[in-house]
Amino acid sequence: MNLSFKLSRSNYRNLVIGTDTKIPLKNGQYTTAINFDNAASTPPFVSVMEEINHFASMYSSIHRGTGYKSQFSSKVFEEARSIVLKFVNADPSRDTIIFVKNTTEAINKLSYRLWDGNKRSVILSTWMEHHSNDLPWRNKFQVDYVQTDSSGKLSLEDLESRLIKHKGNVKLVTVTGASNVTGYVNPIHKIAELAHRYQAKIHVDGAQLVPHNSVNMNPKNPLQSIDYLTFSGHKMYAPFGTGVLIGPQETFKKGISEYVGGGTAETVTHDWVVWEPPPHNEEAGTPNLMGVVALTAAIKTLTTLGMKNIDQYENQLTNYANSKLRSIPGITVYSHTTPGEPRIGVIPFNVNGIAHEQAAAILSNQAGIAVRTGCFCTQPYIQRLLSISPRQMDLYRKRRDISRPGVVRLSFGLYNDFSEIDVLMQLLERISKHPTSYI
């Protein structure tokens, strides 16, 4: 396969804080830090920090204050909902946006609001899900898992067979938009159409998808619409502790939120309560206004840059890194995509003969390269990708003193460039040739 790359410096690099920070190596020398751990958290945009500092002088309590700053802050907070809804093409007449801390809290909240005590209700999760899109469902619903194929890609055939098998009892199909392990992008609109044909709703965990791809909750075909979407600011250059849950207002009108208190009630006596309408009944306590300001600033910057442009550039980085990795003897790559197949900039690999934790430590100590290792809160998926048997996993449960299986993960942001990948590959080539020199 002949791939050509325009090996340029990222045009977006100056938009991100800390890209040229010098850090110490193990030998005491300093080098420019290279961050290939963006799937965990991204550094902030310059525009985000500027907006935070600009807004800080006007910061005040929201919703019930009569002072000018309070009124101004309330306006900024409420207008943010429209900005977020527009970013993912949600339906403002149908959908509401609830601000939470992160994607994990958003999914937990959704799990409580969808639970109606019906023990026959089924949640269809998948084998490739983050624990945050698996564990919250387990104590409330029957959870079934859609299979992945030998490459770790989701099987739409198995999804449909499970929808048929459960005979109308599937309440929700909950699926990651993009895998934080393999970078595979799931066909969320095809999944939505299947779910809706069998009277189920769909939730997309957009933590990895939204920062890198354009997301459209309401395409032309209504069967392909996305019912619920969750994502986090800290993965899209706004690391100030804000997450988002988007879904139909009707979902949040009935019942009571799992968190209640200040701001959630309209009228209270010791005998009864009249709750605020959504989204306010779901946002207990003083909200993270600064986090919301940061998120909207990041969305404005991403919109100006163009999500398609970002996706295209990050794909070039990923294809370049993939081609280099596969040319190095002793490197095993665990994601497999063909040119043109949708994906995000995530690549899992291992260096033969070197434990994943050791490989990551070498990269950091020798070249200041930050990666992540382990299972990335997707242990069943990693077990499948590495062909680890249930019997082997049982051994890990009994023996906490032995190393756990895992992989090394590269994850790119829009500010990474080809020269950083070259630094990584040169070191990996040396490690693969002389592994004992680094252990």
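- Under 3.5 Å, the side chains of E160 and Y198 contain a donor-acceptor pair of N or O atoms.
- When V84, D205, V215, I188 are each tested for a side-chain contact (heavy atoms from CB on, under 4.5 Å) with L229, only one passes: V215.
- For K235 and S41, the side-chain atoms include no donor-acceptor pair closer than 3.5 Å.
- At least one side-chain heavy atom of L363 sits under 4.5 Å from a side-chain heavy atom of L428.
- Side chains of V346 and V181 form no contact here, defined as non-hydrogen atoms less than 4.5 Å apart.
- With a 4.5 Å cut-off on side-chain heavy atoms, I246 and T96 do not count as touching.
- Counted by atom type alone, S125 and D134 present zero donor-acceptor pairs between their side chains at under 3.5 Å.
- W137 is listed as a side-chain neighbour of L110, based on a closest heavy-atom distance under 4.5 Å.
- Checking T103 against S232 by side-chain atom types alone, a donor-acceptor pair falls below 3.5 Å.
- What you find for P287 and I62 is that their closest heavy atoms are CG-CD1, 3.3 Å.
- No hydrogens or angles considered: a donor-acceptor pair under 3.5 Å links the side chains of Y381 and T182.
- For H166 and D144, the side-chain atoms include at least one donor-acceptor pair closer than 3.5 Å.
- Judged purely by distance below 3.5 Å, without hydrogens or angles, the side chains of N319 and N315 never pair a donor atom with an acceptor atom.
- A 4.5 Å side-chain heavy-atom check between E193 and H196 finds every atom pair outside the cut-off.
- Residues I97 and S82 fail the side-chain proximity criterion, which asks for heavy atoms closer than 4.5 Å.
- Other residues, nucleotides and ligands contribute over 12 non-hydrogen atoms within 6.0 Å of the NZ atom of K171.
- When side chains are defined from C-beta on, E282 counts as touching R113, because their heavy atoms get closer than 4.5 Å.
- Of the N and O atoms on the side chains of N89 and N216, at least one donor lies less than 3.5 Å from an acceptor on the other residue.
- At a cut-off of 3.5 Å, with distance as the only test, a side-chain donor of S257 or K109 sits close to an acceptor on the other residue.
- Residues V46 and M49 form no side-chain contact, since every pair of their non-hydrogen atoms from C-beta on lies 4.5 Å or further apart.
- Using cut-offs of 30° and 60° for the angle between ring planes, the F412 and F36 rings count as perpendicular.
- Side-chain contact annotation: T251 with Y228, donor-acceptor N/O pair under 3.5 Å present.
- Counting only N and O atoms by type, the side chains of T176 and H130 include no donor and acceptor under 3.5 Å apart.
- Across all their heavy atoms, D116 and S121 have their closest contact at OD1-OG, 4.1 Å.
- In summary, the side chains of S47 and E50 do not present any donor paired with an acceptor at a separation below 3.5 Å, with no hydrogens or angles considered.
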